Each structure stands twice: as structure tokens, then as C-alpha cells.
Protein chains: 2
Amino acid sequence: MIDFTDELRLHNLKATPQRLAMSDAMYVNGHINIDALYLIMLKKFHSISLATIYKNINLMLENSFIQEVKIPQDKSVYELSKDIHSHLVCQKCKEVFDINLELETVLSEAQQQSGFKICKTSLVFSGICKKCQ
Amino acid sequence: MIDFTDELRLHNLKATPQRLAMSDAMYVNGHINIDALYLIMLKKFHSISLATIYKNINLMLENSFIQEVKIPQDKSVYELSKDIHSHLVCQKCKEVFDINLELETVLSEAQQQSGFKICKTSLVFSGICKKCQ
DNA sequence: TTATAAAGGATAATCTTTATCCTTTGTTAT
DNA sequence: ATAACAAAGGATAAAGATTATCCTTTATAA
Ligand SMILES: [Mn+2]
Ligand SMILES: [Mn+2]
Ligand SMILES: [Zn+2]
Ligand SMILES: [Zn+2]
């Protein structure tokens with residue numbers, strides 16, 4: 001059970017017990033959606049308000065402590081900020097995996113073709129994971 | 001003003017005036033969200049119900065007549081189904097652009113690393129478009 | 001034409017997310 | 001350690017988004 005007190009403060013977020021537990025849940029689960037997170041939090045905080053979950057998710061996003069990943073035909077999941085990476089989502093078990101891919105070639109090709117100044121890449125593959133096939 | 005009657009029927013969708021207008025709106029605008037689509041539809045159908053928009057969007061998605069594109073930190077947009085492609089979204093003017101990119105190298109690398117059977121790729125770049133910079 | 005399943009409109013119901021208000025608490029400075 | 005205070009939590013209302021229901025209308029095929 002890692003202590004996220006300093007990490008939260010680095011992102012200008014008070015280190016409340018609720019936020020520490022949310023951080024831990026994301027650390028343990030990797031990628032988690034609002035409903036699953038709420039269920040986990042209820043085990044530790046019998047009377048936590050769903051509003052607290054939403055308020056903290058939004059503040060953590062604004063302060064870049066966490067990132068949102070939009071999943072095709074499913075709910076968004078959230079994860080602790082880390083080095084830039086891409087995602088794989090299994091259509092069967094719904095699990096989301098990280099993957100590091102070399103995208104510089106594709107990115108510069110996209111900038112060249114379009115004239116865009118690109119500052120963010122969101123790449124999500126959908127399929128069937130190793131266990132599920 | 002293209003006639004989408006046959007195209008709708010090919011996807012097992014009755015060609016109603018409302019659906020033809022929705023198809024046309026997506027054809028003309030390229031990528032459009034629910035609210036913008038509703039506003040456009042209201043001009044042609046003074047008393048169209050928002051429920052009709054939702055019901056048709058969902059049926060069109062189920063029958064693969066249209067596709068949903070999830071936009072980071074923004075609402076989803078919808079577009080007529082066409083050849084597989086990637087997207088660029090301008091963070092300033094919010095416009096969404098199509099782009100064709102060679103992703104086979106990245107895709108096979110992802111499959112190899114992860115052991116996934118990948119059947120869908122969703123790639124969205126965010127940045128500033130040519131006009132806005 | 002006619003028959004009929006499906007679609008549209010109106011509206012209620014059901015999520016989902018945010019706002020409000022008051023109490024509690026984490027943090028900083030004594 | 002204590003006090004001060006802005007910020008956070010909980011309860012709940014409000015607002016927003018999406019879906020369900022019910023009845024009328026219509027697109028399609030016989
Ligand atoms: Mn991730
Ligand atoms: Mn497109
Ligand atoms: Zn799986
Ligand atoms: Zn722009």
C-alpha cells in the first residue's frame with residue numbers, strides 16, 4: 001500500500017484519506033471507471049458520497065494527477081498519470097492494458113499531412129486479449 | 001443534397017424523412033455531436049423529438065450505418081461510415097478532421113507485444129489546426 | 001390498396017453529473 | 001501543540017443526458 005501523500009501535494013491536492021484511497025485504488029487496478037471506483041471506496045468509507053468521487057476525479061484531472069481514457073462503446077476509465085502510452089482494451093473481459101509504441105513516424109506524418117500542431121495522441125486498440133481468445 | 005434512401009436500406013434501416021435529413025447533416029458536416037445535430041434537425045422538423053435523434057443514432061450505430069468518435073475532453077461526434085481512418089481534433093475551433101495514416105507497422109507491433117487479436121483501431125490526435133495557429 | 005411492423009412525437013422515467021449548503025478537516029503559521 | 005481558515009466531505013437538490021413508454025403516423029411489401 002503505497003503512500004500518495006507527497007504525490008498528491010505535488011499536484012496541489014490536499015492529501016485527504018478519501019483521495020489517498022482513490023489513488024491507491026487506481027494504482028492497484030490500473031484503469032478503473034467511476035462505478036467500480038465508487039464500489040471500492042464504499043468498502044473503506046461506509047458513507048462516502050458519489051459527489052466526492054466526481055469532485056475528486058475532476059480536480060485530479062484538472063491538476064493532471066490522473067488521466068482519462070475514453071473507451072470505444074464503453075465508459076471512460078481513469079488512471080494515475082504516467083509516461084505517455086497507448087491502450088489495448090479487451091472486448092470480452094473489458095480489461096484495459098498499457099502498451100508502449102513508437103508513434104513518432106505516424107505523428108510526424110500526421111502533422112505533415114494536416115498542418116496541425118499536435119500536442120496529444122490518443123490511441124486505443126480494441127480486440128481480444130491473450131487470456132480470452 | 002445526396003439521397004441516402006438506398007444506403008439506409010442497405011443497412012436495414014427504413015428511409016424516413018428524419019433519417020434522410022440526419023444522414024444529410026452528417027454528410028454535410030462530416031462530424032457532428034448530438035446537440036448540433038438536434039439544432040439542425042429542428043430547422044427542418046419543427047417538432048422533432050430529441051428522443052428520435054437518440055433512437056436513430058443508436059440504431060444507425062447498431063447497423064454500422066454511422067460511427068461514433070470519442071473526443072478527448074469533449075462530446076462524442078458521429079459520422080457516416082466510410083473507409084477506416086484516423087482523426088485530428090482542433091482544441092481551439094473544435095473541428096474534427098479525417099486523416100489516412102499507415103498504421104500496419106504499429107498495429108502488428110501492438111499485437112506482437114500484447115498477444116491481442118486486434119480488430120479495431122481508434123487514433124485521435126489533439127492539437128491546433130492550420131487555420132487556428 | 002391494404003396490412004403491419006416499425007418509426008415518430010410527447011412525455012415520463014431513469015440514469016449521470018454538478019451545484020448547494022453546512023459540517024468537518026488538512027495545512028500553514030503561530 | 002493550538003488556532004485560523006480555506007478547502008474538502010457528506011447529504012441532498014438540481015440539472016443534464018439518455019432511455020422507456022404509449023399512442024399515432026408512416027414506410028414497405030404483399
Ligand atoms: Mn494506461
Ligand atoms: Mn471521420
Ligand atoms: Zn480479455
Ligand atoms: Zn482550429
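Just so it is clear: chains get the letters A, B, ... in the order the sequence lines come, proteins before strands, and each one is counted from 1. This is a predicted model, so every value here is computed, not measured.
B:E62 has its CD atom 13 Å from the P atom of C:dA6, to the nearest Å. For B:I57 and D:dT19, the CD1 to P distance is 11 Å, given to the nearest whole Å. When rounded to the nearest whole Å, the span between CE of B:M60 and P of C:dA7 equals 11 Å. Across the protein-nucleic acid pair, A:Y38 atom OH and C:dC15 atom P stand 15 Å apart, rounded to whole Å. To the nearest angstrom, P of C:dT16 lies 12 Å from CG of A:D74. Residue B:M22 contributes atom CE, which lies 12 Å from atom C1' of C:dA7 at whole-angstrom precision. Summarising the geometry, the separation between NZ on B:K75 and C1' on C:dT16 is reported as 13 Å, rounded to the nearest angstrom. Taking atom CG of B:N33 as the reference point, atom P of D:dA17 lies 10 Å away to the nearest angstrom.
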query = Where along nucleotides 3-12 of chain D does protein come under 4.0 Å, by heavy atom, of base (B) or sugar-phosphate alone (S), with - for untouched nucleotides?
reply = ---BSSBBBB
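A heavy-atom distance below 4.5 Å is not found between the side chains of A:Y78 and A:H31. A:V106 places a side-chain heavy atom less than 4.5 Å from the side chain of B:F125.
A donor-acceptor contact closer than 3.5 angstrom is absent between the side chains of B:T52 and B:Q18. A donor-acceptor contact under 3.5 angstrom links the side chains of A:S76 and A:E68, judged on distance only. Counting only N and O atoms by type, the side chains of B:N100 and B:H85 include no donor and acceptor under 3.5 Å apart.
Residue pairs meeting the ring pair (Phe, Tyr, Trp, His ring centres under 6.0 Å) criterion with at least one partner in residues 92-122 of chain B, sequence neighbours excluded, are A:F97-B:F116, A:F116-B:F97.
Residue whose closest nucleotide on DNA chain D sits further toward the 5' end, between B:R9 and B:I34: B:I34.
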